[in-house]
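So the structure is just underneath, and the comments pick up after that.
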Amino acid sequence: MAVSVWITAERIVPSRVLDMVGDEADGAVLLFLGTVRNRNDGRPVDGLTYQAYPEMAESVLEEIATEASTRFGTDRLAVVHRHGDLEIGDVSVAVAISTPHRAEAFEGARYVMEELKRRLPVWKHEHYTDGRSDWVAGTEPPGVPRGAAR
Amino acid sequence: MAVSVWITAERIVPSRVLDMVGDEADGAVLLFLGTVRNRNDGRPVDGLTYQAYPEMAESVLEEIATEASTRFGTDRLAVVHRHGDLEIGDVSVAVAISTPHRAEAFEGARYVMEELKRRLPVWKHEHYTDGRSDWVAGTEPPGVPRGAAR
Amino acid sequence: MRVRTLLFASHRDLARADSVEVELDRGATVSDLVAALRAQGGVWADLPVTTAVAVNHRYAPADLPIGEDDEVALIPPVAGG
Amino acid sequence: MRVRTLLFASHRDLARADSVEVELDRGATVSDLVAALRAQGGVWADLPVTTAVAVNHRYAPADLPIGEDDEVALIPPVAGG
């Protein structure tokens, strides 16, 4: 088996992501889903658009998944992130992992989610019920602080 | 919605447990599965039997789920534990939870698993490939240390 | 009073039965139950005094009095999950 | 050399375009790219000097030299998950 990652404009089907992991040596399987909430920071939301830099996003996902694979000792790991227009309740990200023992499944999935929030070149445009929309304030990606520009 | 817990002799279907949680206000959904491994402590295993004290197990599961619900602020929580004869790869336990933010989903599912390992009146009889079988050494359940018996 | 005590897992194997009858004085506690079982000797002689006991589907403190209509069970170390 | 720099999210809205051309000296680095964009003024005058830049799909250190065939992109604060 090998780590699988992808970026997609199609609806994510949780059971298909779950089916990508699991092994006879694994006693723990974990599926995490990020879903679109009907409000954010107190503002009612009726949908959102994820813009992605798909080629880089796949390469960053691959990097994160490889790190998690090494760190938590499993190659049964699948990660997918959606882009395009999403409705309330739609799955924006799915992480599936299986490991011999439960600690690594919890920590591995959590690691993938935290790193993806920090590094994945994807941007969220929220549509509010009052007709407005806005880019969600994001996280400064890792990089070398550049000091004053020359 | 309300917390759902049950003990069953039937095969656990992960997607059905997953479908019991989720809400428009929730941005995080987590499904954890415990599965039967083909070895334990270095011994090859070809199946196992869970014996349960079903009435007490349901009451303990209910107690654990209620604690998790209060502590992590969600009533979107489902927990099921299997008993009877299980094959390699079968799901022995499933926990599904959904919460507004991801930290509570991870911590809530983890809490349920840790407490269930400590308190659930269920016992595991492993069948080894050499034809032997044995009760798996368990965890002393919580209780008041009794000192010398009178 | 006679208290029927449910048995599970290794206890059930030891006793070759899924319950055991224990004779207790009225007002006896969980501690007294374990002591009485140990006093029966045989397979119960080595029962740890700290063995967990459930009364009416809850882990019971040592000093909980047992009533005639209570459902009592001996709980060996658990292994769910 | 002229470096086509891909834009996303708020940067794309600012520029009303999905890329911007930046004139750089041969051997120029990621830092030089950000400085050159700021020097263009207009919507770019306030571009933070710490803005992340990706070169060939990886976050690039400030001192990485940019080649003519590299795929360069400006990465505003990310919001995946």
Side-chain angles (χ1 to χ4, degrees), chain A residues 12-19 21-42 44-48 76 86-114 116-117 124 126 136, chain B residues 12-19 21-42 44-48 76 86-114 116-117 124 126 136:
Chain A
I12 294 172
V13 181
S15 60
R16 284 200 209 139
V17 185
L18 184 61
D19 289 344
V21 303
D23 188 272
E24 296 212 330
D26 289 336
V29 181
L30 192 153
L31 174 69
F32 178 85
L33 307 173
T35 54
V36 179
R37 304 167 63 206
N38 63 4
R39 53 196 308 122
N40 192 20
D41 279 338
V45 170
D46 62 11
L48 52 80
R76 285 81 68 201
L86 280 77
E87 295 169 16
I88 304 300
D90 275 2
V91 175
S92 55
V93 58
V95 180
I97 184 171
S98 68
T99 55
H101 300 287
R102 70 186 181 286
E104 290 74 15
F106 277 100
E107 288 161 25
R110 187 78 193 261
Y111 179 84
V112 168
M113 283 305 302
E114 298 304 321
L116 169 163
K117 291 261 179 189
K124 195 194 289 198
E126 278 180 346
V136 172
Chain B
I12 294 171
V13 181
S15 60
R16 283 199 211 141
V17 185
L18 184 60
D19 288 346
V21 302
D23 188 272
E24 296 211 330
D26 289 337
V29 180
L30 193 153
L31 174 69
F32 177 85
L33 307 173
T35 54
V36 179
R37 305 167 63 206
N38 63 5
R39 52 194 312 120
N40 191 19
D41 279 339
V45 169
D46 62 10
L48 52 79
R76 285 79 68 200
L86 279 77
E87 295 169 17
I88 305 299
D90 275 3
V91 175
S92 55
V93 59
V95 180
I97 184 170
S98 68
T99 54
H101 300 287
R102 70 187 178 288
E104 289 74 16
F106 277 101
E107 289 161 25
R110 189 76 193 263
Y111 179 83
V112 169
M113 283 305 302
E114 299 304 322
L116 166 164
K117 291 260 180 192
K124 195 195 291 198
E126 278 181 347
V136 172

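All values reported here derive from a predicted model rather than from experimental measurement. We name chains A, B, ... by the order of the sequence lines, and we start the count at 1 in each one.
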Could you give the distance from [atom1] ([X]) to [atom2] ([Y]), rounded to the nearest 0.5 Å?
X        : Y        : atom1 : atom2 : result
B/Leu33  : A/Leu18  : CG    : CG    : 6.0 Å
B/Leu30  : A/Leu30  : CG    : CG    : 4.5 Å
A/Arg102 : B/Arg110 : CZ    : CZ    : 6.0 Å

Please look at B/Ile88 and chain A and tell me whether the side chain, the backbone, both or neither of the residue comes under 4.5 angstrom of a heavy atom of that chain. side chain
Quick one: which residues of residues 89-101 of chain A reach chain B at under 4.5 angstrom, heavy atoms only? A/Pro100, A/His101
Could you tell me which residues satisfy salt bridge (Lys or Arg N to Asp or Glu O under 4.0 Å) with B/Glu87, sequence neighbours excluded, listed by chain and number? none
For the pair A/Phe106 and B/Phe32, name the ring-plane relationship: parallel under 30°, tilted 30 to 60°, perpendicular over 60°. parallel
B/Pro14, B/Ala103, B/Ser15: which one forms the most heavy-atom pairs within less than 4.5 Å of chain A? B/Ala103
Looking only at heavy atoms, what is the nearest atom pair of A/Ala25 and B/Arg37, with distance? O-NE, 3.2 Å
